[in-house]
S.K.: 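I have a structure I would like to understand better, so I am pasting it below and will then ask my questions one at a time.
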Amino acid sequence: MPAIAAAGRAATAGTSHFVFLLVDNFSHLAFSCAIEPLRIANRVSGRQLYHWTLASPGGVSAICSNRSVTLVDRGLEPLRHVDRLLVISGEHVRRAATPEILAYLRRERAAGTPIGAICSGAYLLASAGFLNGQTAAVHWEYHDLFAEMFPEVRLVRGVFVAGGKVITAAGGTAAADLMLHLIAAEHGPDLATAVADQMVYNAVREGTAEQRVSLQSRHGMRNPHLVRAVALVQQNMEEPVSPGEIARALGISTRQLERLFLRYLGTSPKRFIIETRLNRARNLLVQTDQSIIEIAVACGFSTPSTFSKVFRAHFGVSPVAQRSTLS
């Protein structure tokens, strides 16, 4: 009997049935934040508003990224009378996009099952073609991967998207924000607030809330020049801007720009630019199958040899070694 699943309880009239498809290496945090609001909603309301079933490709169990094992109720057999199918994955999601899982998702979509995803699960939906031209939320760590592999998907920086054909949440506690949003939509804001109180969750966010702590909050600064300078760096990866070009765009001197970076970020503009490009390159190495040449170009390096030299100097390993170690 699964320790977390509630499949053994008979669903009652008016009960919403959720199926959670757990893919190996799924995020345990995201899963807990998705399923616990449903359990608490039942307890607080005194009614079985929600019923849930756990599924995995093997139909027996799923291993999450912290290596704990969750027993499941079913495999990839066709679903019946389901209100929502949510895919939850985590690390190494590219390996999870198997023909078996994609065929299952496409079959359920064709059968009319409402489908959504949490954390990197959006990658599986994009691989199945469900997110073409759609707005979606995915964990910020996967934005570089999506930008390269699924340019037709309109990614948002917010924590969840619930207004379109496919619902998505960015993972982590964003899953709780999405579920509380759904509870409020179905049963009213008072119940959603009561559930949040039981979770001691007093920072419930709307879908448009930013996933990451803002640069201003992280460094305790409010300087508009620095905020704009960082944005320019992030928006010009393939053809990097120089500190001089940034300074001219802001209408300040290069020396003023250097003082701003040193004061608030503890580094120089030049070093910040190269570290930003290298961090993106590292993400692409680990998360995509792009060649070293393609990654070098995407991150603004003129030649693969230059890229490899700078990458090794910064991370202590070559791009090839980085990929073989973490992919």
Side-chain angles (χ1 to χ4, degrees), residues 137-151 153-159 170 208-288 290-323 325-326:
V138 67
H139 192 284
W140 59 264
E141 196 171 34
Y142 295 94
H143 277 214
D144 288 336
L145 170 66
F146 263 70
E148 293 299 321
M149 299 194 67
F150 308 114
V153 179
R154 298 194 299 270
L155 286 186
V156 298
R157 297 289 178 180
V159 291
T208 54
E210 287 281 338
Q211 288 184 39
R212 304 179 72 176
V213 177
S214 68
L215 184 70
Q216 297 96 314
S217 298
R218 182 180 289 113
H219 298 284
M221 62 85 177
R222 294 290 184 273
N223 188 285
H225 285 319
L226 185 57
V227 173
R228 178 59 180 150
V230 170
L232 286 171
V233 173
Q234 295 172 338
Q235 292 165 7
N236 293 276
M237 289 290 202
E238 291 190 15
E239 297 182 6
V241 289
S242 68
E245 290 171 325
I246 294 174
R248 285 193 293 274
L250 300 179
I252 62 177
S253 69
T254 302
R255 181 57 184 157
Q256 286 175 302
L257 183 71
E258 291 172 348
R259 285 198 294 265
L260 285 175
F261 271 80
L262 184 61
R263 176 182 176 185
Y264 293 110
L265 302 182
T267 189
S268 67
K270 183 177 180 179
R271 185 170 182 80
F272 180 85
I273 292 168
I274 192 64
E275 288 180 348
T276 300
R277 293 161 57 202
L278 287 171
N279 285 332
R280 181 171 192 248
R282 187 172 182 268
N283 279 344
L284 294 177
L285 282 167
V286 174
Q287 297 172 3
T288 76
Q290 287 185 300
S291 68
I292 301 298
I293 294 176
E294 290 172 323
I295 293 173
V297 172
C299 298
F301 293 93
S302 56
T303 65
S305 60
T306 300
F307 168 53
S308 296
K309 180 180 179 180
V310 177
F311 191 95
R312 183 189 290 275
H314 185 73
F315 290 114
V317 295
S318 69
V320 173
Q322 179 75 85
R323 169 167 278 169
T325 300
L326 296 179

S.K.: Taking all non-hydrogen atoms of both residues into account, name the closest pair between A137 and A170 and its distance.
M.R.: CB-N, 4.3 Å
S.K.: Listed by chain and number, what are the salt bridge (charged side-chain N to carboxylate O under 4.0 Å, His left out) partners of E275, not counting sequence neighbours?
M.R.: R271
S.K.: Apply side-chain hydrogen bond (donor to acceptor under 3.5 Å, both in side chains) to S308 and list each qualifying residue two or more places apart in sequence or on a separate chain.
M.R.: none
S.K.: Rounded at 0.5 Å granularity, tell me how far CZ in F261 sits from CD1 in I246.
M.R.: 5.5 Å
S.K.: Who passes side chain to side chain contact (heavy atoms under 4.5 Å, CB included) against A249, sequence neighbours left out?
M.R.: L232
S.K.: Return all side-chain donor-acceptor pairs below 3.5 angstrom for residues 292-299, not counting sequence neighbours, or 'none' if the list is empty.
M.R.:
from	atom 1	to	atom 2	distance (Å)
E294	OE1	S291	N	2.8
E294	OE1	S291	OG	3.4

S.K.: Could I get the full list of side chain to side chain contact (heavy atoms under 4.5 Å, CB included) partners for K309, not counting sequence neighbours?
M.R.: none
S.K.: If I compare all heavy atoms of R323 with all of L285, which pair ends up nearest, and what's the gap?
M.R.: NE-O, 3.0 Å
S.K.: Calculate, to the nearest 0.5 Å, the distance between atoms OH and CG belonging to Y264 and N223 respectively.
M.R.: 4.5 Å
S.K.: Say you draw a straight line from CG of D144 to CG of L155; how long is it, rounded to the nearest 0.5 Å?
M.R.: 10.0 Å
S.K.: Under the side-chain contact (heavy atoms from CB on, under 4.5 Å) rule, what do R277 and V233 come out as? Steps first, then yes or no, please.
M.R.: CA-CA 9 Å; R277 293 161 57 202; V233 173; 5.9 Å; no
S.K.: I need the full list of salt bridge (charged side-chain N to carboxylate O under 4.0 Å, His left out) pairs touching residues 233-254, with sequence neighbours left out, sorted by first then second residue.
M.R.: none
S.K.: Can you name the residues that form a ring-ring contact (aromatic ring centres under 6.0 Å, His included) with F146, not counting sequence neighbours?
M.R.: F150
S.K.: Looking only at non-hydrogen atoms, find the nearest pair between I273 and V241 and report the distance.
M.R.: CD1-O, 3.4 Å
S.K.: Take V138 and V153 through the side-chain contact (heavy atoms from CB on, under 4.5 Å) test and state the conclusion after the steps.
M.R.: CA-CA 11 Å; V138 67; V153 179; over 6 Å; no
S.K.: List the residues meeting side chain to side chain contact (heavy atoms under 4.5 Å, CB included) with L262, not counting sequence neighbours, and say none if there are none.
M.R.: none
S.K.: Which residue pairs pass the ring pair (Phe, Tyr, Trp, His ring centres under 6.0 Å) test with at least one member in residues 230-260, sequence neighbours excluded?
M.R.: none
S.K.: Atom OG1 of T254 and atom CZ of R259: how far apart are they, to the nearest 0.5 Å?
M.R.: 11.0 Å
S.K.: Name all residues meeting the salt bridge (charged side-chain N to carboxylate O under 4.0 Å, His left out) criterion together with E148; count only those two or more places apart in sequence or in a different chain, and write none if there are none.
M.R.: R280
S.K.: Measure the NE2-CD distance between H143 and Q234 for me, rounded to the nearest 0.5 Å.
M.R.: 12.0 Å
S.K.: Only counting residues at least two apart or in another chain, list the ones meeting ring-ring contact (aromatic ring centres under 6.0 Å, His included) with F307.
M.R.: F301, F311
S.K.: Assess whether atom CZ of R263 is packed by more than 12 heavy atoms of other residues, nucleotides or ligands within 6.0 Å.
M.R.: no
S.K.: For the pair I274 and K270, evaluate side-chain contact (heavy atoms from CB on, under 4.5 Å) and give the outcome as yes or no after the intermediate values.
M.R.: CA-CA 6 Å; I274 192 64; K270 183 177 180 179; 5.9 Å; no
S.K.: So, taking the atom named NE2 in H225 and the one named CG in L257, what distance separates them when rounded to the nearest 0.5 Å?
M.R.: 10.0 Å
S.K.: Which pair of non-hydrogen atoms, one from I252 and one from L260, has the smallest distance, and what is that distance?
M.R.: CD1-CD1, 4.1 Å
S.K.: Evaluate the side-chain proximity of S268 to E258: yes if any heavy-atom separation is below 4.5 Å, no if none is.
M.R.: no
S.K.: Identify, with sequence neighbours excluded, every residue that meets side chain to side chain contact (heavy atoms under 4.5 Å, CB included) alongside H139.
M.R.: C119, E141, Y142
